Amino acid sequence: MRGESEQGRDVSVDGEVVLKLDSVSHSFGSTRVLDAVTIDAKAGELLCLLGPSGCGKTTALRLAAGIEELQQGRIVLAGQTVAAPGAQVPPERRSVGMVFQDYALFPHLSVLRNVQFGLVGAEWADLDGDAKRKRAMEALDQVGMANYAESYPHMLSGGQQQRVALARALAPKPRVLLLDEPFSGLDSNLRAHIRDETLHVVKDSGTTTLIVTHDPEEAMYMADRIVVMNAGRVEQIDRPDALYRAPANAFVASFFSSINRLEGVVRGGAVATPFGNLPTPIADGTRVEILIRPEALRVALPTGPLGPWQAEAHVLDARMLRRASFIHLCFGEFEGQHLHFHSREPARLMPGIGVHVSVTLDRAQTFVFPVAPKNP
Ligand code: ATP
C-alpha cells in the first residue's frame, strides 16, 4: 500500500512516518478509554506515551501491536493499513516487537530459546535452526547478554530479564518496537542504568520505538518526542524541552513537576500577581490560573527596596533535596488567596524558618491559562 494518500500527505515505506495511529477511539463496555487519538512516529524516532495511570497508554500500544482489536480509526505501519474497523492484520504479521511490563519470558526455555521464539514473521519462517540461532545470538549480543544464552530466566536479575525481553523483541528486526513500562519492575538505581542502556540499544538499532511510561523524568530522559495523554486524549506532542518550556495547557504544565498556582482575572491585558501585573494575550474578563514552576522563584535575603518582578515572603521551611534547596514560602493573602509557594533552586541558600526574603520571578517559567470550566 505504498504511496497511500492521506489528507494530501504521503504515508509511504520510504516516507518519514513509520507508525501512525489515526483518530483511534476505543471503549471497554460503555467506558471510552481512547478518544480520537492521533500519533505518528517517524523513522528511527523514540516516542514516549506519557500520562497518569488509566489514561489509555497501554491500550494505544496494544492496538498498535494488534493484541487489541481496533474499533474506530486506523493504524498505518510502514505505509500499510494494518488495522481498520473489521480489518486487522494479525500481530505476527505487523513487524512489531513488544516488550511487556512483566517481560513475559518463558520460564521453561533458556535465554537463547526465548529469543529464538521471537523470530516470527514471514521472513524468518523458512530459516533453519542454525540461522535462527545465529540471529538470536546477534540480538543477545546487541543487549550484552550473549554470555547468558544457556541460562534460564529465574537465574537472571530483573535488569537481565529486561534485556533478554528486549533482545527477543529486536531479534526479528521489527519496523516498530513497543515497550510497555519496561523499567517499572526495577529498583531506582538499576532503573536509571537499564533505561540508559535501553536508550542506546534502541537508538543504535535505528528502530522506531514507542515507550509507555507514567514517569515524566523517564520520558524526558529517553524520548525524541513525548505524547502527553490524559483521560484518553492527547494533550500535546512535542520535544521534551519544548513541552517543558511551552506547555499547551495547565495539565501539561503541572504534569512535569509540582507547580505553584494562583488564580486571577485578566484586566487591561494583564493579570495581577504578587510580583506585578503579568501580561497575557488572553481576553479581558477571563478567569485564569497562573502556574509558576518552583524553579522560577529565586530566593535571596533582602538588600533594599523590591525591584521589578520581586515580592516579599517569609520562610515556612527549607529543606535540602539532593543538590537543590526546596523552600516553602508564605506570601500571605493575595486577592483572597493564601499563597504558600515552593521554590527549588541549586542549593545556595538555606534560610531559617520565619526569615523574610525577597523572591524574584522568572517569567519564562510562568504560564497563564484560562481556568477550565468545571464539569456540571
Ligand atoms: P496504567 O499506567 O495504569 O497501565 P494506562 O494509561 O496504560 O494505565 P490502560 O491500561 O490503557 O491505561 O487502561 C485505560 C482504561 O481502560 C483503564 O481505566 C483500565 O481500567 C481500562 N481497561 C484496560 N483494559 C481493559 C479491559 N481489558 N477491560 C476493561 N477495562 C479495561
Side-chain angles (χ1 to χ4, degrees), residues 19 46 57-59 61-69 77 82 88-187 190-191 193-213 222:
L19 173 67
L46 197 161
K57 308 178 294 289
T58 297
T59 304
L61 210 69
R62 289 169 61 85
L63 286 164
I67 304 167
E68 197 74 56
E69 195 171 324
L77 209 153
V82 292
Q88 310 275 330
V89 173
E92 65 278 11
R93 288 186 35 226
R94 287 196 185 187
S95 191
V96 160
M98 183 132 181
V99 176
F100 295 91
Q101 201 164 350
D102 60 359
Y103 316 138
L105 298 176
F106 298 110
H108 60 290
L109 295 183
S110 69
V111 161
L112 181 64
R113 302 263 301 165
N114 261 284
V115 177
Q116 276 181 254
F117 193 87
L119 291 170
V120 290
E123 59 191 300
W124 304 101
D126 297 334
L127 286 192
D128 61 26
D130 277 353
K132 282 191 177 172
R133 186 185 151 84
K134 182 165 173 281
R135 176 59 201 140
M137 284 305 294
E138 280 169 8
L140 281 171
D141 197 36
Q142 230 175 326
V143 299
M145 287 295 288
N147 289 340
Y148 294 83
E150 299 310 326
S151 302
Y152 283 79
H154 73 271
M155 299 158 77
L156 306 178
S157 69
Q160 290 170 328
Q161 290 182 29
Q162 195 270 352
R163 285 196 254 168
V164 174
L166 184 61
R168 184 174 64 183
L170 283 170
K173 301 187 178 175
R175 293 300 304 256
V176 172
L177 194 58
L178 305 172
L179 292 86
D180 189 1
E181 299 271 8
F183 316 112
S184 60
L186 308 173
D187 68 52
L190 186 62
R191 191 182 170 110
H193 177 65
I194 297 286
R195 87 179 164 200
D196 183 63
E197 269 186 6
T198 304
L199 174 66
H200 295 299
V201 168
V202 164
K203 278 298 187 185
D204 288 349
S205 76
T207 314
T208 302
T209 301
L210 236 67
I211 299 184
V212 159
T213 178
M222 299 197 77

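Here the structure is a predicted model, which is why all the values come from computation and not from measurement. Positions are given from 1 along the sequence.
Side-chain atoms of Arg135 never come within 3.5 Å of backbone atoms of Leu119 as a donor-acceptor pair (strictly under, hydrogens ignored). Side chain of Asn114 to backbone of Phe106: a donor-acceptor contact under 3.5 angstrom is found.
Note that CD of Glu181 is 12.0 Å distant from CG of Asp102, once rounded to the nearest 0.5 Å. Put simply, CZ on Arg195 and OG1 on Thr213 are 8.5 Å apart, with the number rounded to the nearest 0.5 Å.
Listed here is the closest heavy atom pair of Gly66 and Pro91: O-CG, 3.5 Å. Of all non-hydrogen atoms in Arg175 and Leu77, the two that sit nearest each other are CB-CD2, 4.0 Å. For Ala64 against Arg94, the heavy-atom pair with the smallest separation is O-NH1, 3.0 Å. Listed here is the closest heavy atom pair of Gln162 and Pro182: CG-O, 3.4 Å. Residue Arg93 comes nearest to Val89 through the heavy atom pair O-CG1, 3.6 Å, listed as atom of the first residue, atom of the second, then distance. Across every non-hydrogen atom of Met137 and Ala149, the tightest pair is SD-CB, 3.8 Å.
Counting only heavy atoms from C-beta outward, the side chains of Leu109 and Gln116 never approach each other to under 4.5 Å. When side chains are defined from C-beta on, Met222 counts as touching Phe183, because their heavy atoms get closer than 4.5 Å. Counting heavy atoms from C-beta outward, Val111 and Gln160 have side chains that stay 4.5 Å or more apart. Counting heavy atoms from C-beta outward, Ile67 and Phe100 have side chains that approach closer than 4.5 Å.
Counting heavy-atom neighbours within 6.0 Å of Tyr148 OH, excluding the residue itself, gives a total of 12 or less.
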(message) Working note: Ile211 + Leu61, criterion side chain to side chain contact (heavy atoms under 4.5 Å, CB included); need CA distance, chi angles, decisive distance, verdict.
(response) CA-CA 9 Å; Ile211 299 184; Leu61 210 69; over 6 Å; no
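Side-chain polar atoms of Ser205 and Thr207 form a donor-acceptor pair below 3.5 angstrom.
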